[in-house]
Number of protein chains: 2
Amino acid sequence: MARAATTSDAFNAVAEPRRRDILNYLAMQERSVTEIVDAMEMEQPSVSKHLKVLKRVGLVEVRREGRQKLYKVNAMAIRPLHEWTSTFERLWKHQLLRIKERAEANNAQKQ
Amino acid sequence: MARAATTSDAFNAVAEPRRRDILNYLAMQERSVTEIVDAMEMEQPSVSKHLKVLKRVGLVEVRREGRQKLYKVNAMAIRPLHEWTSTFERLWKHQLLRIKERAEANNAQKQ
DNA sequence: TTGACATATTCCTATATGAGAATATATTGG
DNA sequence: CCAATATATTCTCATATAGGAATATGTCAA
């Protein structure tokens, strides 16, 4: 078996940095493909292909406006990623706490 | 250019579902490779290869204990994912609020 | 209808994968 | 040292890319 398809879920789709760039850009507001192309400094076909992947996994939505197509983020589709990472939040906070404690103990010893 | 290497960053590493499974399992506590193999119901070489990827991007840490190697999560490496997804939190909360408002308006009309 | 603009698709290729099978390496007890 | 246990590596193969180039499709204005 090869690697899971980029379109298999949001995790795979956002693994590609260019697609995260596009999502970051769209987070501000809805944009046409040309606007994305100009902002990202990517070839238009590349942008279209990335948008296709993002649309497939529900990370963006499109609507037509004249000859343009306006893409916007569907933030809800990012939630599963956020929730998954949140399960580890307790762990890294614990880690940070220990680092802080160690630093303070170190400081106290120097006094 | 092909897809970015799974070892290029945490985003790519956790795109693979089996690796997320392993991280979830390790979130509870440090475990040996054999324990992971038994829990995940995967072949031992597969587990070792996945652990190699996770280690490469800093998502896990290892220490030897006799003939065993004990792996544990390094939660800090998951933070970048969490922070990136957090950027969109405002957006989906806004989305949820609008859904709620619409539901309430709908309810009021039925009264 | 035609031309111009906007977006999408197809074809190509180098490349990296994940699983499975086989094998190698490392560590300990006796 | 040897045998047993624990883990890692190598090899092969089917598969899915991402980007570039070329082209197709869609939509409006005149």
Closest nucleotide among [options] to the [X] side chain:
X       : options                : result
A:Ser48 : D:dA6, C:dA8, C:dA19   : C:dA8
B:Arg64 : C:dC5, C:dA21, C:dA26  : C:dA26
A:Ala5  : D:dG19, D:dA16, C:dT17 : D:dA16
A:Ala2  : C:dG18, C:dT27, D:dT15 : D:dT15
A:Lys52 : D:dA6, C:dT9, C:dA21   : C:dT9
B:Pro45 : D:dT9, D:dA18, D:dG20  : D:dT9
B:Lys49 : D:dT9, D:dA14, D:dA21  : D:dT9
A:Arg67 : C:dA8, C:dG18, D:dT27  : D:dT27

Integer-rounded Å distance: [N] [atom2] and [X] [atom1]:
X       : N      : atom1 : atom2 : result
B:Lys69 : C:dT27 : NZ    : C1'   : 11 Å
A:Glu43 : C:dA6  : CD    : C1'   : 15 Å
B:Glu16 : D:dA16 : CD    : P     : 14 Å
B:Met1  : C:dA16 : CE    : C1'   : 13 Å
B:Glu41 : C:dA19 : CD    : P     : 14 Å
A:Arg18 : D:dG19 : CZ    : P     : 6 Å
B:Gln68 : C:dG29 : CD    : C1'   : 15 Å

Looking across every strand, which nucleic acid part, if any, lies under 4.0 Å from B:Thr6 by heavy atom: base, sugar-phosphate, or nothing?
sugar-phosphate
NA contact type, B:Gln44, heavy-atom cut-off 4.0 Å: base, sugar-phosphate, or nothing?
base
With a 4.0 Å cutoff (strictly under), does any side-chain N or O of B:Thr34 reach OP1 or OP2 of D:dT5?
no
Any side-chain N or O of B:Tyr71 under 4.0 Å from OP1/OP2 of D:dA8?
yes
Is atom CZ of B:Arg56 surrounded by more than 12 heavy atoms (other residues, nucleotides or ligands) closer than 6.0 Å?
no
So, A:Glu61 and A:Arg63, do they make that salt bridge, N to O below 4.0 Å?
no
Over all atoms of both residues, closest heavy-atom pair of B:Ala75 and A:Phe88
CB-O, 3.8 Å
Within the 3.5 Å criterion, strictly below it, is a donor on A:Asp21 or A:Asn24 matched to an acceptor on the partner's side chain?
no
Quick one: are B:Leu59 and B:Ile78 in side-chain contact, heavy atoms under 4.5 Å?
yes
